**Student:** 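Quick one: the structure is below, and I'll ask about it shortly.
First listed ligand is number 1; within each ligand, the first listed atom is number 1. Just so we're clear, the structure is a prediction, and the values are computed from it rather than from any experiment. Values below: all heavy atoms of this structure, side chains included; hydrogens, waters and symmetry mates excluded.
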Amino acid sequence: MQEFYNETFLNAQKQLDHVAQLMNLDAGVHERLRYPRKALIVSVPIKLDNGQTKVFSGYRVQHDQTLGPTKGGIRFHHEVNLGEVAALAMWMTWKCALLNLPYGGAKGGVCCFPEEMSVNEMERLARRYTTEILSMIGPEKDIPAPDMYTNENTMAWIMDTYSNFIGYAVPGVVTGKPVSVGGSLGRKEATGRGVAHTVKMALEKLQLGKDEPTAAVQGFGNVGSITAKYLHQQGIRVVAVSDVQGGVYSAKGLDIPRLLSYVAERGTVVGFDDLDTIENKDVLELEVDILVPAALANVITEHNADRIKCKILAEGANGPVTPEADLILQNKGIFIIPGILANAGGVVVSYFEWVQDIQHLFWSEEQVNEKLGYLMGRAFEEVYQVSTNKKVDNRTAAMMIGVGRVASAKMLRGLYP
Ligand code: NAD
């Protein structure tokens with residue numbers, strides 16, 4: 001199964017191997033969970049605006065289907081490859097199980113440079129990619145959602161393409177859609193809202209919330225910007241944020257509501273209020289109480305982990321900390337809220353959206369947010385209890401819960417044939 005091997009996939013496997021050993025996991029179940037169940041590589045040819053035809057590589061990987069259909073985002077990015085998608089699919093399995101959602105994990109993506117593409121090219125790419133992976137997806141099979149450089153528009157195109165093939169509207173084939181085509185209120189904000197909720201709980205546990213805590217956020221897209229918005233609303237002083245073009249810093253704290261309007265107009269945080277600029281890598285090393293990496297994987301490695309000075313690290317992104325860096329951060333006493341917990345708000349409200357689509361019965365935003373708060377709070381407490389009782393770090397505790405739930409269902413179902 002070496003097809004999947006790259007740094008990110010091997011990191012995901014290493015994390016699984018670690019908890020499998022601690023839990024004394026059944027060897028057969030462990031072996032089955034180390035690899036995705038199904039993976040598809042497709043060519044995605046589209047006509048560019050200049051009339052030329054270009055072929056992109058697309059992927060969809062389903063890691064595990066023990067607890068239900070698979071669920072996971074679609075990413076358009078130039079670093080997308082089979083190993084990365086497989087690792088992200090595996091993390092989705094643990095995340096869904098940790099939150100007690102009836103799903104397994106999946107992920108998809110197309111290797112491309114979205115910043116260099118027009119909206120029309122993106123639409124053609126999304127539609128052709130959907131056509132190529134059509135046999136794998138469906139409301140009972142595998143339900144995509146947005147991830148890096150995809151958004152509600154992308155989900156509307158996927159839903160439309162799929163529905164055209166089936167012959168009637170199938171809103172439940174994707175989540176993270178616009179509300180007018182069957183999306184859920186509160187979905188767009190759910191991941192960032194969830195990150196901020198887990199930070200609030202961590203501050204309470206560590207009794208750090210009394211003075212005005214400080215925060216830095218790397219990545220200012222869906223997850224980073226909404227996290228910053230809610231941290232700010234919680235009275236936390238957000239001193240630095242960054243995006244792919246660079247970052248801004250103010251010791252007095254950034255005016256996040258005005259920054260959000262600025263970014264909506266300009267598409268970047270750079271230039272806001274003529275503030276001091278800060279490089280992306282330096283955002284991670286600031287002396288702040290809370291650090292939220294909310295962009296790419298593998299940004300904290302054994303090379304910079306020593307210089308990370310936060311007290312709480314909330315993983316908005318998937319896989320921002322390598323296993324080697326994880327050990328260094330733990331030894332420094334940093335309280336890590338692992339991605340499978342911190343950024344789970346997105347898949348929680350995606351689940352609510354899917355349930356609403358299936359029932360054709362829609363909830364108020366208050367209902368959505370209240371249920372989200374309940375599920376995130378419950379998962380946080382469970383992780384905290386396991387971590388305290390078993391004397392393991394939060395990531396190990398979260399994975400022990402997630403892997404444990406999938407493994408016990410696998411044992412009960414047995415191995416076919
Ligand atoms: P997005 O496309 O909305 O935003 C990505 C942000 O990262 C942008 O601000 C971009 O400028 C920035 N960025 C890109 N390359 C960068 C670099 N090299 N350095 C610094 N910043 C960079 O994506 P998103 O949906 O916010 O996803 C961000 C992360 O959160 C990803 O790891 C994703 O897997 C994870 N995540 C997303 C969701 C969701 O609901 N969207 C849910 C769970 C986890």
Side-chain angles (χ1 to χ4, degrees), residues 8 12 71-80 84-85 87-92 94-96 98-99 105-109 112-115 122 144-155 174-177 183-184 186-195 198 216-229 240-248 259-260 262-264 266-270 278-284 292-300 314-321 337-353 372 376:
T8 313
K71 186 94 196 74
I74 288 175
R75 174 178 290 201
F76 288 174
H77 192 261
H78 62 272
E79 283 173 2
V80 165
E84 182 191 69
V85 175
L88 291 161
M90 191 188 284
W91 286 324
M92 279 303 291
W94 317 141
K95 192 188 296 183
C96 292
L98 173 62
L99 272 292
K107 206 81 182 188
C112 61
F113 283 89
E115 296 109 318
M122 294 290 274
D147 194 81
M148 285 190 81
Y149 295 95
T150 57
N151 55 28
E152 5 179 79
N153 297 343
T154 327
M155 296 306 115
V174 282
T175 57
K177 302 176 289 293
S184 175
R187 169 62 184 90
K188 201 155 69 174
E189 305 218 308
T191 310
R193 186 183 274 273
V195 175
T198 58
V217 181
Q218 186 194 54
F220 209 70
N222 176 283
V223 180
S225 69
I226 307 286
T227 300
K229 173 178 154 177
V241 299
S242 64
D243 60 33
V244 70
Q245 297 185 40
V248 283
L259 176 60
L260 288 166
Y262 178 89
V263 172
R266 310 280 180 101
T268 177
V269 300
V270 174
I278 179 164
E279 278 190 44
N280 253 303
K281 61 176 180 41
D282 297 331
V283 170
L284 301 171
V292 184
L296 301 170
N298 303 330
V299 289
I300 301 177
E315 295 183 345
N318 286 306
V321 177
I337 313 174
I340 61 169
L341 172 62
N343 69 38
V347 72
V348 168
V349 178
S350 274
Y351 165 59
F352 297 160
E353 180 174 332
L372 169 65
M376 293 299 293

**Student:** Distance only, no hydrogens: is a donor on one side chain within 3.5 Å (strictly under) of an acceptor on the other, for T8 and N298?
**Tutor:** yes
**Student:** May I ask you to identify the nearest protein heavy atom to atom 38 (C) of ligand 1, giving residue, atom name and distance to one decimal place in Å?
**Tutor:** V223 CG2, 3.7 Å
**Student:** With a 6.0 Å cut-off (strictly less than), is the heavy-atom count around NZ of K229, excluding the residue itself, greater than 12?
**Tutor:** yes
**Student:** To the nearest 0.1 Å, how far is atom 3 (O) of ligand 1 from its closest protein heavy atom, and which atom is that?
**Tutor:** N222 N, 2.9 Å
**Student:** Can you give me the closest heavy-atom contact between F76 and M122, atom names plus distance?
**Tutor:** CD1-CE, 3.7 Å
**Student:** Given that the side chain starts at C-beta and the backbone is N, CA, C, O, which of these parts of N151 lies under 4.0 Å from ligand 1, counting heavy atoms, or is it both or neither?
**Tutor:** neither
**Student:** Would you mind checking which non-hydrogen protein atom is closest to atom 18 (N) of ligand 1, with the distance to 0.1 Å?
**Tutor:** L296 CD1, 3.2 Å
**Student:** What residue and heavy atom of the protein are closest to atom 5 (C) of ligand 1, and at what distance?
**Tutor:** M148 CE, 3.8 Å
**Student:** On a heavy-atom basis, which atom in V195 and which in G316 lie closest, and how many Å separate them?
**Tutor:** CG2-CA, 4.2 Å
**Student:** Look at atom 7 (O) of ligand 1 and say which protein heavy atom is nearest, naming residue and atom and giving the distance to 0.1 Å.
**Tutor:** A295 CB, 3.5 Å
**Student:** Considering only heavy atoms of N343, which atoms of ligand 1 have at least one such atom less than 4.0 Å away?
**Tutor:** 43 (C), 44 (C)
**Student:** Between N280, V269, T191, V263, flag the one that comes closest to atom 20 (C) of ligand 1 by a heavy atom.
**Tutor:** N280
**Student:** Using 0.5 Å steps for rounding, measure from the CZ atom of R193 to the NZ atom of K188.
**Tutor:** 13.5 Å
**Student:** Is there a nitrogen or oxygen of G221 sitting under 3.5 Å from a nitrogen or oxygen of ligand 1?
**Tutor:** yes
**Student:** Please evaluate residues L88 and E84 with respect to the criterion side chain to side chain contact (heavy atoms under 4.5 Å, CB included), reporting the C-alpha separation (whole Å), side-chain torsions for both, the decisive distance (0.1 Å), and the verdict.
**Tutor:** CA-CA 6 Å; L88 291 161; E84 182 191 69; 3.9 Å; yes
**Student:** Quick check: F220 and ligand 1, any N/O pair under 3.5 Å apart?
**Tutor:** yes
**Student:** Would you please determine whether S242 falls within less than 4.0 Å of ligand 1 on a heavy-atom basis?
**Tutor:** no
**Student:** Looking only at heavy atoms, which two atoms of W91 and I340 are closest? And how far apart?
**Tutor:** O-CG2, 3.5 Å
**Student:** Would A294 count as a polar contact of ligand 1, with the cut-off being nitrogen or oxygen pairs under 3.5 Å?
**Tutor:** no
**Student:** If we ignore hydrogens and angles and just use 3.5 Å, is the side chain of E315 paired with the main-chain N or O of N343 as donor and acceptor?
**Tutor:** no
**Student:** How close does the nearest protein non-hydrogen atom get to atom 33 (C) of ligand 1, and which residue and atom is it?
**Tutor:** D147 OD1, 3.3 Å
**Student:** Just go through T150, N318, L284, V283 and tell me whose heavy atom is the nearest to atom 36 (N) of ligand 1.
**Tutor:** N318
**Student:** Testing I74, V80, D147 one by one against K107 for a side-chain contact (heavy atoms from CB on, under 4.5 Å), which residue passes?
**Tutor:** D147
**Student:** Might you point out which heavy atoms bring V349 and A190 nearest each other, and give the distance in Å?
**Tutor:** CG2-CB, 3.4 Å
**Student:** What I want to know is whether H77 and ligand 1 share at least one N or O pair that is separated by under 3.5 angstrom.
**Tutor:** no
**Student:** For ligand 1, does R75 get within less than 4.0 Å through its side chain, its backbone, both, or neither, judged by non-hydrogen atoms?
**Tutor:** side chain
**Student:** Does V244 reach ligand 1 with a nitrogen or oxygen that is under 3.5 Å from one of the ligand's nitrogen or oxygen atoms?
**Tutor:** yes
**Student:** Shortest non-hydrogen contact from A228 to V217?
**Tutor:** CB-CG2, 4.4 Å
**Student:** Hey, which atoms in ligand 1 end up nearer than 4.0 Å to a heavy atom of R187?
**Tutor:** 40 (O)
**Student:** Nearest protein heavy-atom contact for atom 14 (C) of ligand 1: which residue, which atom, what distance?
**Tutor:** Y149 OH, 3.4 Å
**Student:** Examine the side chains of R75 and T150 and answer whether a donor and an acceptor come within less than 3.5 Å of each other.
**Tutor:** no
